[in-house]
Number of protein chains: 2
Amino acid sequence: MAESQNLQGETLLYLTDEQLRQGIEAMFFAYRGFTDDPDRILAGLSYGRAHHRALHFINCAPGTTVNNLLSILGVTKQSLNRVLRTLVEDGLVESRVGRNDKRERHLYLTEAGAALERDLSDAQRARMRAAYRQAGPEAVAGFRKVLEAMMDPDMRRAYQKLREGRG
Amino acid sequence: MAESQNLQGETLLYLTDEQLRQGIEAMFFAYRGFTDDPDRILAGLSYGRAHHRALHFINCAPGTTVNNLLSILGVTKQSLNRVLRTLVEDGLVESRVGRNDKRERHLYLTEAGAALERDLSDAQRARMRAAYRQAGPEAVAGFRKVLEAMMDPDMRRAYQKLREGRG
DNA sequence: TTGGAATGTCAACAAGACTGACTTAAACTG
DNA sequence: CAGTTTAAGTCAGTCTTGTTGACATTCCAA
């Protein structure tokens, strides 16, 4: 009874509509900050956010197939293909026919592709690092925990698989 | 000396490139979850995310001017105007000429506009609430702290102003 | 070996962002 | 009062990025 009062009176205050609304707006504004720096770099190169995403995930899973990338990015293959085509044409990505299954294309960054990925990544990480440092380690742990809980189950699985694949 | 070692050896581990990379990916996947539910509702109505954003901010700042909305949403007036025009035509938003300054248009949700905003809001808050509950109050505090630190200074000001205006 | 499933490509289109040029009306200022 | 600035809206054109639909190639299993 006392606990129930406590829960309703204090602990659950963070679940009020107003608190949720503030969280929603924070997410909206923060995402803009999150994409701003890479977007600025890309604007000068006639590339867009979609190219950045492709570079990012090819970089962290070299040799991935188009289909695999598709399920991670959550777009249609036609949409991804346009982006991929320009990246291949411009020599940033290499697409190799699969050895076992010749229908598949395995994707790799070229030297130039890796260089651009690094530029974009550095810019994005710089802001992230500043935010992390300002907020402190406990806040960062909470940040990650809430983000993970917000993902669709499929995406959470994809995300956790990526984490395992690395350190 | 001992503290410096502690800082570098333990406390700062959350600032490694790999940790930042994971945070970046978490942000990407979570934002998809964040927009998914309202997007599904909007898809059936030939509206898009842009309409949702307009409805949201008109709802929480009734009587706001077009210029004001522009600076919050961070888009061009041509882009906002297209969205606003359809919302007014469809009777979801009302645009009243300013009393003091007749150049200004003050924006309000109609009954129907408020109803749609509520639907979208409810869907988005439901997911947010589930994530908050799952992560717990301390995590939520950290989440908010990191998001705020990620915003551009201008956006942070706009965000804090909105918070003050309410509870 | 033939028909279906999987993989990837091409073409056409729509939403939503952008720029630039322009109009209208109202407000401000010298 | 004349001229300038400001707020809003419009028209035209472009770009990115998403969508469907049709199609070629390859694999696999009946």
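Chain letters run A, B, ... following the sequence lines, proteins first, then strands; residues in each count from 1.
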Q) Would you call A/Lys145 and B/Glu138 a salt bridge, using N to O less than 4.0 angstrom? A) no
Q.
I'd like to know if A/Gln78 reaches the base of C/dG8 with its side chain such that a donor and an acceptor end up less than 3.5 angstrom apart.
A. no
Q) For the base of D/dT6, is there a side-chain donor-acceptor partner from B/Arg103 under 3.5 Å away? A) yes
Q: Scan B/Asn100 against the nucleic acid and name what it touches under 4.0 Å (heavy atoms): base, sugar-phosphate only, or nothing.
A: sugar-phosphate
Q. What nucleotide, of D/dA7, C/dT7, D/dT17, holds the atom closest to the side chain of B/Glu104?
A. D/dA7
Q | Nearest-nucleotide pick for A/Asn81, side chain only, options being C/dT7, C/dA17, C/dC10 | A | C/dC10
(Q) If the cut-off is 4.0 Å, is A/Arg82 near the phosphate of C/dT9, judged by side-chain N/O to OP1 or OP2? (A) no
Q) Taking atom P of D/dT10 as reference, at what distance in whole Å does atom CG of B/Leu84 sit? A) 10 Å
Q. With sugar-phosphate meaning primed atoms plus P, OP1 and OP2, does A/Gly74 contact a base, only sugar-phosphate, or nothing at under 4.0 Å between heavy atoms?
A. nothing
Q.
For a quick check of understanding: with a heavy-atom distance under 4.0 Å over all strands, which category does B/His106 fall into, base, sugar-phosphate or nothing?
A. nothing
(Q) From CG of B/Leu70 over to P of C/dA17, roughly how many Å is that when rounded to an integer? (A) 11 Å
Q) Can you tell me if the side-chain N/O atoms of A/His51 get under 4.0 Å from OP1 or OP2 in D/dT17? A) yes
Q. Once you round it to whole Å, what is the distance between C1' of D/dT16 and CG of A/Leu45?
A. 14 Å
Q: Using a strict 4.0 Å threshold on nitrogen-to-oxygen distance, state whether A/Lys102 and A/Glu104 make a salt bridge.
A: no
Q. Cation-pi between A/Arg96 and A/Tyr108: NZ/CZ under 6.0 Å from ring centre and within 45° of the ring axis?
A. yes
Q: Would you indicate whether A/Glu89, at its atom CD, is surrounded by more than 12 heavy atoms from other residues, nucleotides or ligands within a distance under 6.0 Å?
A: yes
